[in-house]
Amino acid sequence: MGQITVKQLEAFVQVAHLASFHRAAERLNTTQPNISTRISALESLLGLRLFNRDAGSLRLTPTGRTMLPCARAVLTAMDGFVAAAGEDHLFEGALRLGVPEMIVHSWLGPFLRALKDRFPAIDVELTVDLSANLSPSLFSRGWT
């Protein structure tokens with residue numbers, strides 16, 4: 001069995017929702033032949049008929065009605081997966097900061113508190129020194 005694609009599931013859900021290959025194509029910013037191809041490929045992969053196509057009429061088959069909530073669940077899970085990638089709590093590791101003493105006594109405290117609130121899994125490794133001593137260390141690592 002081949003691989004079912006997200007585009008095929010999106011096409012299935014939109015065609016079922018809109019009861020039209022043409023309107024589904026418009027909604028998904030593609031062409032009606034692309035939507036037809038995606039649906040046909042999905043039906044072939046599953047070995048099931050999802051839609052009854054009569055003259056001027058398009059209806060889900062009983063199998064299509066059963067499969068529709070599953071397809072919606074997969075798409076919802078995909079949306080959740082993508083949303084999780086933007087979750088700040090997933091960032092972890094060490095952030096090394098070299099700052100001059102003047103920064104420590106001005107805005108660094110509020111900055112570190114905000115950083116910890118937004119990225120709780122980030123550990124800050126702080127070096128406080130003169131700028132003249134910090135610059136060579138920074139540039140010796142190949143950063144520009």
With a 4.5 Å limit on heavy-atom distance, are the side chains of [X] and [Y] in contact?
X     : Y      : value
Leu95 : Leu115 : yes
Val99 : Thr127 : no
Val6  : Val74  : no
Arg65 : Pro62  : yes
Ile35 : Val15  : yes
Gln14 : Arg23  : no

How long is the straight-line distance from [atom2] of [Y] back to [atom1] of [X], given to the nearest 0.5 Å?
X      : Y      : atom1 : atom2 : answer
Phe21  : Asn34  : CZ    : CG    : 12.5 Å
Thr61  : Arg53  : OG1   : CZ    : 9.5 Å
Leu9   : Met67  : CG    : CE    : 8.5 Å
His22  : Thr31  : NE2   : OG1   : 10.5 Å
Leu112 : Leu126 : CG    : CG    : 6.5 Å
Asp123 : Arg96  : CG    : CZ    : 10.5 Å

Where do [X] and [Y] come nearest, in terms of heavy atoms and distance?
X      : Y     : result
Thr63  : Arg49 : CB-O, 4.0 Å
Thr66  : Cys70 : O-SG, 4.0 Å
Leu68  : Phe12 : CA-CE2, 3.6 Å
Ala25  : Gln32 : CB-N, 3.5 Å
Glu125 : Ala94 : OE2-CB, 3.5 Å
Leu58  : Ala19 : CD2-C, 3.7 Å

Residue Glu101 excluded, over 12 heavy atoms near CD under 6.0 Å:
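No, not enclosed.
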
Please tell me whether Phe51 and Leu18 are part of a single hydrophobic cluster in this structure, the criterion being side-chain heavy atoms less than 4.5 Å apart.
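Unlinked, Phe51 and Leu18 end up in two clusters.
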
Using modelled atom types and a 3.5 Å cut-off, is there a donor and acceptor pairing between side-chain atoms of [X] and backbone atoms of [Y]?
X      : Y      : value
Ser57  : Asp54  : no
Lys116 : Ile122 : yes
Glu43  : Leu50  : yes

Where do Arg38 and Gln8 land on the side-chain hydrogen bond (donor to acceptor under 3.5 Å, both in side chains) test, with the steps shown first?
CA-CA 5 Å; Arg38 291 174 190 175; Gln8 291 167 340; over 6 Å; no

Apply side-chain contact (heavy atoms from CB on, under 4.5 Å) to Val128 and Leu108, showing your working.
CA-CA 11 Å; Val128 179; Leu108 186 64; 5.7 Å; no

Evaluate the criterion side-chain contact (heavy atoms from CB on, under 4.5 Å) for residue pair Leu97 and Phe111; output intermediate values, then yes/no.
CA-CA 12 Å; Leu97 294 177; Phe111 171 79; 4.2 Å; yes

